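Just below is one structure, and these are the notes that go with it.
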Amino acid sequence: MGRHGIRGKDRKKNKKPNGFPRNYELVAHDRTSEAFVKFYQAQGIIPPEEWDAFIAALKRELPSSFRLVGCKKEADVLRDILNTRYISQLEGVKVEEEEIEPPKPLPWYPNNLAYQMKMSRTVIRKNTILNKLHNFLVTETELGNISRQETVSMIPPLLLDVEPHHKVFDMCAAPGSKTMQLIEMLHSAGDSQAVPEGFVLANDVDNTRCYLLVHQALKRMPTPCALVVNHDATSMPRIRIDEAESANSAKFLTFDRVLCDVVCSGDGTLRKNPDLWRKWNPNLGNGVHK
Ligand SMILES: C[S@@+](CC[C@H](N)C(=O)[O-])C[C@H]1O[C@@H](n2cnc3c(N)ncnc32)[C@H](O)[C@@H]1O
């Protein structure tokens, strides 16, 4: 079951008999779409023997996940608070006969700083500790101590193995969850006051999304080691780093690490937003490639 606000024309259709609009309605999500099946089968990119597993994966609700910002000295304290005040209190707790799953550390993420959990909003509302945990996560996210990020999105920056002296180019950076992780890795030397030698050049072609990068991501992680640029990464100009007059002796910036997180179809969002099943059409994916 999901809860939806009812907007626009749909609001008219959803009037109660007494004439007052129902703002919310409980809707069972129909996680099927003929258009989706037709489109993906025509692409021929999913081997027939994997089709059922593919659809089953898309129908599984996406667990939520978050990271404690690792380069801050508060990370250890926050992990302790999370474990003692919330996770240990939730062991074996049931909501309406159903045992709830407390947040679990992702085993491959360094220092147990990333967690995943499966909890619906309905369950959160019905349990006091879960409610408090929810408020804790919201507050610490606002303070920049926690970053809400999908589990799969945490992997590429980890694989880059960024060190504090690295010059890093994040080619398609907005809205910036991976940029944040790269900056954290630059600042990972332990001394939170020290300015690392390296930096992240964070670029995105979309000007509006560059604003998101600055105002949502970098605002929470102030650093002198990040620069945002707004350019088409397919024709990125070389950046000259010498002061010489002569073009013959020109030196250009090179990078130690490059992250290129290109646009996808966005269809994985079906897991996060099941309402998309009924609205799905190929233009949604094509739209992000304009
Ligand atoms: C998958 S999103 C990036 C998500 C981001 N790395 C993060 O972790 O938050 C892809 C981004 O690529 C950008 N983009 C698309 N074409 C681009 C291009 N030619 N040059 C630079 N950025 C581009 C889009 O505007 C979009 O913000």
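Computed from a prediction, not measured in an experiment: that's the story for all the values here. For ligands, and for the atoms within them, numbers begin at 1 and follow the listed sequence.
Looking at Arg209 against ligand 1, only its side chain comes within 4.0 Å, counting heavy atoms. Residue contacts with ligand 1 for Asn203 involve side-chain atoms from C-beta outward but no N, CA, C or O (heavy atoms, distance under 4.0 Å). With a heavy-atom cut-off of 4.0 Å, Ala173 touches ligand 1 through its backbone alone.
Residue, atom and distance of the protein heavy atom nearest to atom 3 (C) of ligand 1 are Ala174 O, 3.1 Å.
The closest donor-acceptor contact from the side chain of Arg271 to the backbone of Leu58 lies at 3.5 Å or more, if one exists at all. Under the 3.5 Å distance criterion, the side-chain polar atoms of Ser33 are matched with a main-chain donor or acceptor of Phe36. In terms of modelled atom types and a separation under 3.5 Å, the side chain of Glu74 and the main chain of Leu78 share no donor-acceptor contact. Without hydrogens or angle criteria, Asn230 side chain to Asp204 main chain gives a donor-acceptor distance under 3.5 Å. Put simply, the side chain of His187 never gets that close to the backbone of Cys225: no donor and acceptor are under 3.5 Å apart. Without hydrogens or angle criteria, Ser88 side chain to Thr84 main chain gives a donor-acceptor distance under 3.5 Å. With Ser265 contributing its side chain and Asp267 its backbone, the two residues share a donor-acceptor pair below 3.5 Å.
Assignment of His289 to the shell around ligand 1 is not supported, since no heavy atom sits closer than 4.0 Å.
Residue-to-ligand polar distances place Asp261 within reach of ligand 1: an N/O pair is separated by less than 3.5 Å. In terms of polar-atom proximity, Asp170 is not counted as a contact of ligand 1, lacking any N or O under 3.5 Å from an N or O of the ligand. Between Ser177 and ligand 1, an N or O atom pair is found at a separation short of 3.5 Å. Of the polar atoms of Cys172, at least one N or O is found under 3.5 Å from an N or O of ligand 1, judged by distance alone. Close N/O approach between Thr234 and ligand 1 is not found [any backbone or side-chain N/O within under 3.5 Å]. Backbone and side-chain nitrogen or oxygen atoms of Val205 are examined, and one is located within less than 3.5 angstrom of a nitrogen or oxygen of ligand 1.
Remark: ligand 1 atoms within the under-4.0 Å shell around heavy atoms of Met171 are 21 (C), 22 (N). Every atom of ligand 1 with a heavy atom of His231 under 4.0 Å away is listed here by number and element: 20 (N), 21 (C). Distances below 4.0 Å separate heavy atoms of Gly176 from the following atoms of ligand 1: 7 (C), 9 (O). Near Ala233, meaning under 4.0 Å from any of its heavy atoms, are these atoms of ligand 1: 18 (C), 19 (N), 20 (N), 21 (C). Taking a cut-off of under 4.0 Å to the non-hydrogen atoms of Val262, the atoms of ligand 1 that pass are 1 (C). Here is the list of ligand 1 atoms found below 4.0 Å of a heavy atom in Asp232: 18 (C), 19 (N), 20 (N).
When the heavy atoms of Asp206, Asp204, Val288 are ranked by distance to atom 24 (C) of ligand 1, first place goes to Asp204.
With respect to the salt-bridge test (charged N to carboxylate O, under 4.0 angstrom), the residues Glu150 and Lys272 qualify.
In this structure, Phe54 has its ring center under 6.0 Å from that of Tyr40.
Annotation: Phe39, atom CZ; neighbour count of heavy atoms from other residues, nucleotides and ligands within 6.0 Å is above 12. Heavy atoms of other residues, nucleotides or ligands lying less than 6.0 angstrom from CD of Gln41 number more than 12.
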